Amino acid sequence: MRSNSLLGLLGLALSASSVVASGTPVLAARASTTVTPITVTGNAFYKGDDRFYIRGVAYQPGGGTGTESDPIANSTACVRDITYFKKLGINTIRVYAVDNTADHDTCMNALAAAGIYLVLDTDTTKYSINRADPSVSYNSVYLQSVFATVDAFANYTNVLAFLSGNEVINNASNTNCAPYVKAVTRDIKQYIGSRGYRSIPVGYSAADVAENQFLMAEYMNCGTDDERSDFYAINDYSWCDPSSFTTSGWDTLVKNYTGYGIPVFMSEYGCITNTRTFEEVAALYNTEMTSAFSGGLVYEYSNEGNGYGLVDITNGEVVTTSQFTYLETAFANATDPSGDGGATTSSAASTCPTKSSNWEVSGDSLPAIPSKAAAYMSTGAGTGPGLDGSGSQEAGNSENESTGTATAGSGTVTETASSSSSTKKSDGVMMPKPLDPKPFSLVVVVMLGMIGGIALL
């Protein structure tokens, strides 16, 4: 009887504990499919111990309609298109905009099952740096959206990298945007570290502007480690078939980036001046390039009215074009080099470029992160604005803009959030929030009192 009474009382006590602790949420599981995360060593990407070369396409169906949409949230179209990705033989897609409030599990799991990684731009049209007024658009409203996008994707192990911006500097006269691009890169890196996620590479995608593309590369890799980019990506359309390694100027690209301390890849390529047969693919995955470059992404998967599409999509039906066939053949004939492909293991910082007629920035001083955005490092960004938010480019004011210059090393991660306030990185699954021990202290006291009372019976 005593034993049964005690068990009953224990059951009541434990039941009471569940009531006391009911305010502690258990976070829902994220994608369960895992792949080997891509890492950075020296000037190359690695999948485990093996050098990883990006073979991919830009993927933003509907991007030519004028209405921004999220292809990763469209699971039906995504699963449909993966069939064609596999036929091409690619391992990576680049997506330019996503809805950071949407569910992406189905598509991301399907991509992972196919061995396909994602390079993701963290900006959207509404939430991005305004090159015409960068200081006002670098504000906490913008960074909240960026960080919410990181939260939405960081636990997918097939996220290869985040892009902090795309062609923000798009001519020879707006390099004044560079400090803000670099500040966003610093902020994303700090947020990833502070929230306890795995180390996901963060970098920038530069426009094909001869006057400053390499100057921007030097700038993104100079300074303290917290503000240096993890990689640098270039959009390049200089190889127009028929061409060659030297005629295209790709030999000069290799010379420029030889000795560069972080990975470089082509975030867009594929000139359409003439019929493109993708002759450049053979060069891109040849040792003449791989000592400095880690592959690239062909622009683009679907025809958006600009002549670049590999496929036509009409009423949900996909029809491949001759460009698709040419690229499929080119990828099939281009094998990755054996070993490390000439990669280096050192990751030396560059010297910051000096101010000149082609470079408006002096030194390496960056704007300090807005104080409201800095708070997200410990609290988390919360729910993002999605694609329908009011935007951030004109939302800057005295309360949410940067108010000064950052000190060197200010983006260093000084504290990592516990799993009680952050989703963890280990296996692509959101971890449950730990229970508060205080309610259990009360339970222990109650239990001891009950046991004592029974002993007197």
Side-chain angles (χ1 to χ4, degrees), residues 25-35 56-82 85 92-114 116-128 141-166 188 191-192 195 197-198 200 202 300-302 304 313 316 318 376 380-393 395 422-425 428-431:
V26 176
L27 301 176
R30 185 55 64 76
S32 58
T33 301
T34 59
V35 295
V57 296
Y59 180 63
Q60 198 80 34
T65 64
T67 301
E68 208 160 41
S69 61
D70 179 352
I72 305 299
N74 187 341
S75 57
T76 300
C78 171
V79 171
R80 173 201 69 199
D81 293 334
I82 287 173
F85 297 162
T92 308
I93 60 172
R94 175 187 179 180
V95 172
Y96 294 85
V98 292
D99 180 345
N100 52 26
T101 66
D103 184 346
H104 303 96
D105 282 357
T106 300
C107 180
M108 290 301 293
N109 270 331
L111 288 168
I116 296 172
Y117 292 84
L118 172 67
V119 172
L120 180 61
D121 290 62
T122 56
D123 286 355
T124 66
T125 301
K126 291 182 177 180
Y127 294 86
S128 54
V141 177
Y142 163 57
L143 290 172
Q144 191 274 337
S145 177
V146 169
F147 295 162
T149 298
V150 171
D151 286 336
F153 283 86
N155 278 331
Y156 296 118
T157 48
N158 58 326
V159 170
L160 191 162
F162 290 118
L163 290 170
S164 59
N166 177 58
I188 297 174
Y191 187 78
I192 288 171
R195 302 308 298 158
Y197 297 125
R198 66 179 172 89
I200 304 170
V202 182
E300 65 181 316
Y301 174 71
S302 55
E304 302 299 329
I313 303 176
V318 176
Y376 297 138
T383 303
L387 296 175
D388 298 323
S390 57
S392 65
Q393 289 195 353
S422 173
T423 56
K424 301 303 288 182
K425 64 184 180 178
V429 176
M430 305 265 297
M431 302 297 288

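Remember, predicted model here, so these are calculated numbers, not experimental data. As a basis for the values below, the full set of heavy atoms in this structure was taken, side chains included, without hydrogen atoms, waters or symmetry mates.
- To the nearest 0.5 Å, atoms CG (Leu387) and CD (Glu68) are separated by 5.5 Å.
- The distance from the SG atom of Cys107 to the CG atom of Asp70 is 8.5 Å, given to the nearest 0.5 Å.
- Rounded to the nearest 0.5 angstrom, Ile192 CD1 and Phe147 CZ are separated by 9.5 Å.
- Scored by the ring pair (Phe, Tyr, Trp, His ring centres under 6.0 Å) test, Phe85 finds Tyr59, Tyr301 as partners (sequence neighbours excluded).
- Looking only at distances, no side-chain donor or acceptor of Glu300 sits under 3.5 Å from a matching main-chain atom of Pro61.
- Under the side-chain contact (heavy atoms from CB on, under 4.5 Å) criterion, Ser392 pairs with Tyr127, Asn139, Val141, Tyr142, not counting sequence neighbours.
- For the pair Asn158/Ile116, no side-chain contact is recorded, criterion being any heavy-atom separation below 4.5 Å from C-beta on.
- Shortest non-hydrogen contact noted between Met108 and Val159 is CE-CG2, 3.9 Å.
- Summarising the geometry of Ala161 relative to Ile200, their closest heavy-atom pair is CA-CG2, 4.1 Å, with the distance given to 0.1 Å.
- Salt bridge present: Arg94 and Asp121 bring a charged side-chain N and a carboxylate O closer than 4.0 Å.
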When the side chains of residues 71-78 are checked against the rest of the protein, which donor-acceptor pairs come out under 3.5 Å, sequence neighbours left out?
{"unit_1": "Asn74", "atom_1": "OD1", "unit_2": "Ala77", "atom_2": "N", "d": "3.2"}

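- The shortest side-chain heavy-atom distance between Leu143 and Tyr191 does not fall under the 4.5 Å cut-off.
- Nearest heavy atom pair, residue Asp105 against residue Asp103, reads N-OD1, 2.9 Å.
- Using modelled atom types and a 3.5 Å distance limit, the side chains of Glu304 and Ser302 yield a donor-acceptor pair.
- Counting heavy atoms from C-beta outward, Leu120 and Phe153 have side chains that approach closer than 4.5 Å.
- Residue Thr92 is tested with Val57, Val119, Leu111 for a side-chain contact (heavy atoms from CB on, under 4.5 Å); the sole match is Val119.
- Two residues are said to be in side-chain contact when any heavy atoms from C-beta on lie closer than 4.5 Å; His104 and Leu118 fail this criterion.
- What you find for Asn100 and Pro385 is that their closest heavy atoms are OD1-N, 3.5 Å.
- Taking all atoms of both residues into account, the shortest heavy-atom contact from Asp99 to Gly386 is OD1-CA, 3.2 Å.
- In this structure a side-chain-to-backbone donor-acceptor pair under 3.5 Å is missing from Thr101 to Gly384.
- Residues Thr383 and Gln144 approach most closely at O-NE2, 2.8 Å, considering heavy atoms.
- Between the CG atom of Asn166 and the CG atom of Asp123 there is a distance of 8.5 Å, given to the nearest 0.5 Å.
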